[in-house]
2 protein chains.
Amino acid sequence: MRRRSTTLTEQELEIMKVVWERDHSTVRDVYETLLERRKIAYTTVMTMMKILEQKKYLKKTLADRAYVYRPAQPKGQVIGDMVRDFINRVFNGSAEPLLVHLVQEHDLSPEELEEIARLRRPS
Amino acid sequence: MRRRSTTLTEQELEIMKVVWERDHSTVRDVYETLLERRKIAYTTVMTMMKILEQKKYLKKTLADRAYVYRPAQPKGQVIGDMVRDFINRVFNGSAEPLLVHLVQEHDLSPEELEEIARLRRPS
DNA sequence: GTTTTAGTACTAATTAATTAGTATGAGACG
DNA sequence: CGTCTCATACTAATTAATTAGTACTAAAAC
């Protein structure tokens, strides 16, 4: 058997990124945005957004004739869950080795680190 | 269609973690390690390791009667690829917002940050 | 030498993720 | 009013990921 993902899957995330950029979104809004990047069918977007609503990532209200969707959870929360899940899967729950990777391979200078460190300890 | 993953999938990663801990591994070695954690069939492990060999994550040599597997790429390289893939998917290629998440939600103190920062700039 | 053991190769089934087609209905428009 | 447009609901097909069974073979054990 194949375990169902506890976080956003790849395409779900693509849709949520569009939705988070906007105050509210119809299927057509998201469809047109995604269509700029790749071939996709309107009903594909609709199906995905229905799934996201069932998974409690989106909430919908009926406006005029079409559903209007809004995020059901703040972006930071959802992304934070994905980061946590990644750290669990790849680093057995320990954040520090991920940080080491970032510093060593992702062009993060000590200056940037210090700046970010101040987020936790405002001087 | 469903795009094939460019990085290690969840169960592939579980097997690679076991292999990386050891100098060399047979299917039985990995099977017995995984069995301590969960129910799994010997042939399941064998199939997965064959896939990992085809994907160039493992290389095998025939020793005695059974294949002996070794990592074909260093762990740091493979994990680094996974980190890069995650940053691409979730943060559109930018490492800094991931760092902010780590600092804010994963108990990383400024002291730890400074220590890690020294990895890049040995005093 | 026959049987038991332990390995691989091959096949296949299941489920999640992704994609999209078809049917249907309500409102806009002539 | 009939038709066109645009929305949803429902159904279904495809592929990747995961799991494991069965057949076969060679060596070990008796």
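Sequence lines set the chain letters: A, B, ... in the order given, protein chains first and strands last, and positions in each chain run from 1.
- Screening Val45(A), Thr47(A), Ile51(A) for a side-chain contact (heavy atoms from CB on, under 4.5 Å) involving Met49(A) leaves a single residue, Val45(A).
- When the side-chain nitrogen and oxygen atoms of Tyr67(B) are compared with OP1 and OP2 of dA9(C), one or more of them lie within a distance under 4.0 Å.
- Atom CD of Glu14(B) and atom P of dT19(D) are 10 Å apart (whole Å).
- Atom pair Leu13(B):CG and dA17(D):C1' shows a separation of 14 Å (rounding to whole Å applied).
- Rounding to the nearest 0.5 Å places CD of Glu105(B) at 8.5 Å from CZ of Arg84(A).
- For Glu12(B) against Leu8(B), the heavy-atom pair with the smallest separation is OE1-CA, 3.5 Å.
- dA20(D) atom C1' lies 14 Å from atom CD of Gln11(B), rounded to whole Å.
- Between the side chain of Thr9(B) and the backbone N or O of Ser5(B) there is no donor-acceptor pair closer than 3.5 Å.
- With Gln73(B) contributing its side chain and Lys56(B) its backbone, the two residues share a donor-acceptor pair below 3.5 Å.
- For DNA chain D, the neighbouring residues in residues 37-53 of chain B, judged by any heavy atom under 4.0 Å, are Arg38(B), Lys39(B), Ile40(B), Ala41(B), Thr43(B), Thr44(B), Thr47(B), Met48(B).
- Taking side-chain N and O atoms only, Arg28(B) has no distance below 4.0 Å to OP1 or OP2 of dA6(C).
- Looking at the side chain of Ser5(B), the nearest of the listed nucleotides dA17(D), dT18(C), dA16(C) is dA17(D).
- A distance-only check finds a donor-acceptor pair linking the side chain of Thr26(A) to the backbone of Asp29(A) [under 3.5 Å].
- When the P atom of dA16(C) is taken as reference, atom CZ of Arg3(B) falls 21 Å away, rounded to whole Å.
- Environment of CD in Glu21(A): sparse, with no more than 12 heavy atoms of neighbouring residues, nucleotides or ligands closer than 6.0 Å.
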**Request:** At under 4.0 Å between heavy atoms, which parts of nucleotides 24-30 of chain D does protein reach? Answer with one letter per nucleotide, 5' to 3': B base, S sugar-phosphate only, - none.
**Result:** ---S---

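- A tilted orientation is assigned to the rings of His101(A) and Phe91(A), their planes being inclined by 30° to 60°.
- Between Arg4(B) atom CZ and dT18(D) atom C1' there is a gap of 12 Å when expressed in whole angstrom units.
- Val27(A) places none of its side-chain heavy atoms less than 4.5 Å from the side chain of Tyr67(A).
- Taking atom CZ on Arg89(A) and atom P on dT18(D), their separation rounds to 10 Å, with Å as the unit.
- Rounded to whole Å, the distance from CD on Glu10(A) to P on dA16(C) is 19 Å.
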